[in-house]
Amino acid sequence: MYDNVLLPTDGSVGVDRATDHAIDAADRYDATLHVLYVVDSDVVNAYSGDEFVDGAEGAEETLEESGREALDAVASRANEADVETVTALRYGVPHEEILRYVDEADVDLTVMGSKTRSGGYRRMLGSVTERVSRQSTAPVSIVKTTVDA
């Protein structure tokens with residue numbers, strides 16, 4: 001039923017349960033698990049830099065390092081489950097890059113984590129998961145995790 005399963009990750013706690021679901025789906029359908037991390041261009045561009053900070057300590061480098069660590073962590077877990085994995089690190093607006101990847105990699109199912117937070121937090125910031133689920137041409141499975149504010 002599924003040949004390509006996508007797990008976008010930001011390396012946060014809210015993605016742990018989604019990781020389990022994505023690995024299980026890929027294993028169950030003998031699909032390739034694609035793991036994607038997007039370096040958020042809005043965050044990188046918002047950082048004006050500091051002449052006293054070494055370039056290797058800037059926002060883009062920090063996000064790239066976090067992304068590689070997140071990708072490696074998921075790939076390691078998938079490898080333990082004997083699931084074929086492809087990792088990708090991209091730059092841009094997260095929901096736009098995820099949707100682009102869905103089309104380019106012919107993704108059949110996207111599994112995304114969603115943090116359930118109390119109060120107005122979600123309404124204030126919006127959600128990458130929400131945007132992807134509304135705009136994707138392929139099915140999106142949302143795995144919720146409760147996170148204390």
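Everything numeric here is computed off the predicted structure, so don't read it as measured data.
Only one option out of Glu96, Glu104, Glu64 pairs with Arg90 in a salt bridge (charged side-chain N to carboxylate O under 4.0 Å, His left out); it is Glu104.
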- Given side chain to side chain contact (heavy atoms under 4.5 Å, CB included), test Thr85 with Asn79 step by step and report yes or no. CA-CA 7 Å; Thr85 308; Asn79 189 36; 5.9 Å; no

- Verdict with supporting geometry, Asp82 and Asp27, side chain to side chain contact (heavy atoms under 4.5 Å, CB included): CA-CA 8 Å; Asp82 201 28; Asp27 183 44; 5.9 Å; no

- Show your working on side chain to side chain contact (heavy atoms under 4.5 Å, CB included) between Leu36 and Ile98 and close with a plain yes or no. CA-CA 8 Å; Leu36 174 65; Ile98 293 166; 3.9 Å; yes

- Query: What's the verdict on salt bridge (Lys or Arg N to Asp or Glu O under 4.0 Å) for Glu97 and Arg100, showing C-alpha distance, side-chain angles and the deciding distance?
  - Reply: CA-CA 5 Å; Glu97 289 303 317; Arg100 187 172 292 118; 2.4 Å; yes

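Looking at Leu6 and Tyr101, their side chains come closer than 4.5 Å, going by heavy atoms from C-beta outward. Within the 4.5 Å cutoff, the side chain of Tyr37 has heavy atoms near those of the Leu63 side chain. When side chains are defined from C-beta on, Asp3 does not count as touching Asp106, because their heavy atoms never get closer than 4.5 Å. Taking the side chain as every heavy atom from C-beta outward, Val132 and Pro8 never approach each other to under 4.5 Å.
Residues Ala138 and Val107 come closest through the heavy atom pair CB-O, 3.4 Å. For the residue pair Leu109 and Ala25, the shortest heavy atom distance occurs at CD2-CB, 4.2 Å. Listed here is the closest heavy atom pair of Ala81 and Ile23: CB-CG2, 3.7 Å. Heavy-atom minimum distance, Val38 versus Gly92: CG1-O, 3.6 Å. The shortest heavy-atom contact between Leu71 and Ala88 is CD1-O, 3.6 Å. Heavy atoms only, all atoms of each residue included: Ala31 and Val5 are closest at CB-CG2, 4.0 Å.
Arg17 places a side-chain N or O within 3.5 Å of a backbone atom of Lys144 that can act as its donor or acceptor partner. Side chain of Ser76 to backbone of Ala73: no donor-acceptor contact under 3.5 angstrom is found. Listed for the Asn4 side chain is no donor-acceptor partner under 3.5 Å among the backbone atoms of Asp108. Thr129 places a side-chain N or O within donor-acceptor distance of the main-chain N or O of Gly113, the cut-off being under 3.5 Å. Checked by atom type and distance alone, the side chain of Ser141 never pairs as donor or acceptor with a backbone atom of Pro139 at under 3.5 Å.
Atoms OG and CE, from Ser136 and Met112 in turn, are 9.5 Å apart once rounded to the nearest 0.5 Å. Taking OG1 from Thr110 and NE2 from His34, the interatomic distance works out to 10.0 Å, rounded to the nearest 0.5 Å. In this structure, Asp20 CG and Arg77 CZ are separated by 4.5 Å, a value rounded to the nearest 0.5 Å. Taken from OG1 in Thr9 to CG in Asp16, the straight-line distance is 8.5 Å, to the nearest 0.5 Å.
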